[in-house]
Amino acid sequence: MTKPQNRVFSGVQPTGNLHLGNYLGAIRNFVGLQDTHECIYCVVDLHAITVWQDPKELASNTREVAAAYIASGIDPETHIIFNQSKVAAHAELAWILNCVARIGWLNRMTQFKDKAGKDREKASVGLYAYPVLMAADILAYRATHVPVGEDQKQHLELARDVAQKFNNDFNAADFFPLPEPLIMGEATRVMSLRDGTKKMSKSDPSDYSRITLKDDADAIAKKIRKAQTDPDPLPETVEGLAGRAGADNLVGIYAALADMTKADVLKDFGGKQFGEFKPALAELAVAKLSPITSEMKRMMDDDQAYIDAMLEKGAERARAIAAPVWAEVRKYVGFI
Ligand code: TRP
């Protein structure tokens with residue numbers, strides 16, 4: 001079996017309220033890898049159900065992430081877009097890897113601690129094993145590179161540990177490549193528009209905290225106008241953003257949307273007031289986002305059949321890549 005050199009795998013959860021953080025921190029980076037890598041982009045519905053999801057909403061949210069991938073410029077003909085539950089290899093390999101990963105490793109995962117909260121006894125077993133399923137996603141295709149946000153770095157480390165231990169335990173040489181994280185862009189961490197010290201989140205009770213991929217131009221402009229800042233003008237240098245979380249966040253968003261560095265944004269706007277910067281940011285955000293949001297809306301309103309057919313085709317191609325890997329895994333483990 002040939003070894004892929006530059007195969008990318010990544011995933012986004014269909015949990016609703018796709019927002020600017022998902023776009024700038026993940027989806028936009030996925031788009032940029034298409035010229036240089038063979039890309040597999042998954043809608044991770046198996047991961048989503050580690051916490052309760054309303055079945056109707058899960059279906060709609062799954063289509064919405066698929067539409068966001070396409071509307072953002074991922075080409076489902078050259079590359080692969082599909083939803084995780086359609087390819088059995090994810091769940092099958094996850095079981096094997098559950099038997100490779102150690103409880104001690106999972107006990108160190110900070111995201112589980114955050115998501116499970118105080119009442120850990122009531123968290124699902126799936127939520128605990130979530131990082132092992134993520135390792136299976138990547139290793140099922142022997143992917144070499146994984147674009148992720150900062151918050152997923154620990155899970156990717158775990159995937160590397162699992163790959164290494166499988167290779168050692170089963171005398172499999174370097175059968176599973178150790179996947180490399182790709183962490184990109186100025187605004188991989190987009191913060192809440194209401195509180196620049198908290199991450200932009202789908203579950204924040206305030207709608208004004210996030211720009212979603214369902215917002216129209218008016219909503220985008222309004223949310224930016226109301227974004228939390230401070231009374232001082234913008235600083236001339238990046239160092240001047242220290243201790244000014246709201247300002248730092250807006251400059252970071254501008255930089256990411258315009259493909260500039262924060263330093264370059266401050267060359268243009270240093271010394272100016274937010275009264276001037278915010279309208280410029282709103283205009284930029286609308287220009288960059290509204291082609292995407294309107295195409296998503298069109299697909300969701302008029303073209304669900306296309307989305308569904310595209311996901312099915314993607315799944316078929318994904319199965320074809322995963323099948324020989326799974327066959328090898330069975331041999332290593334001793335399954336007849
Ligand atoms: N855990 C990732 C997130 O919440 C989503 C994900 C699932 C993923 N499987 C993956 C990302 C595999 C990269 C590779 O953002």
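Just so it is clear, the model here is predicted, and its values are computed rather than measured. Start at 1 and go down the list; that is how both ligands and their atoms are numbered. In what follows, residues are counted from 1 in the order of the sequence shown.
- Exactly one of F170, Y332, F166 qualifies for a ring pair (Phe, Tyr, Trp, His ring centres under 6.0 Å) with F176. That residue is F166.
- Ring centers of F9 and H145: at least 6.0 Å apart, outside the cut-off.
- Distance NZ/K297 to CG/D303: 13.5 Å, rounded to 0.5 Å.
- Using a 4.0 Å cut-off to heavy atoms of S10, the atoms of ligand 1 that qualify are 11 (C), 13 (C), 14 (C).
- Taking the centre and axis of the six-membered ring of Y141, the NZ or CZ atom of R7 falls outside the cone set by 45° and 6.0 Å.
- Residues Y254 and F269 bring their aromatic ring centres within 6.0 Å.
- In this structure, Q152 counts as a contact residue of ligand 1, since one of its heavy atoms falls inside 4.0 Å of the ligand.
- G11 N, 3.6 Å is the protein heavy atom nearest to atom 11 (C) of ligand 1.
- In summary, the atoms of ligand 1 found under 4.0 Å from a heavy atom of Q13, numbered by their order in the structure, are 4 (O).
- Set against the non-hydrogen atoms of D137, the atoms of ligand 1 under 4.0 Å away are 7 (C), 9 (N), 10 (C), 12 (C).
- Looking at ligand 1, you won't find any N or O of H155 less than 3.5 Å from one of its N or O atoms.
- Centroid-to-centroid, the aromatic rings of Y130 and H47 come within less than 6.0 Å.
- A ring pair (Phe, Tyr, Trp, His ring centres under 6.0 Å) with H90 is found for exactly one of W95, W326, F82, namely F82.
- When each atom of ligand 1 is checked for a heavy atom of V146 under 4.0 Å away, the hits are 13 (C), 14 (C).
- Each of the following atoms of ligand 1 lies closer than 4.0 Å to a heavy atom of F9: 12 (C), 14 (C).
- Each of the following atoms of ligand 1 lies closer than 4.0 Å to a heavy atom of H47: 7 (C), 9 (N).
- Under a 4.0 Å criterion applied to the non-hydrogen atoms of Y130, ligand 1 contributes the atoms 1 (N), 2 (C), 3 (C), 4 (O).
- Applying the salt bridge (Lys or Arg N to Asp or Glu O under 4.0 Å) test between K223 and each of D215, D218, D216 identifies D215 as the sole match.
- Short contacts between ligand 1 and V44, defined as distances under 4.0 Å to a heavy atom of the residue, involve ligand atoms 7 (C), 9 (N).
- The part of V148 lying near ligand 1 is the side chain, judged by heavy-atom distances below 4.0 Å.
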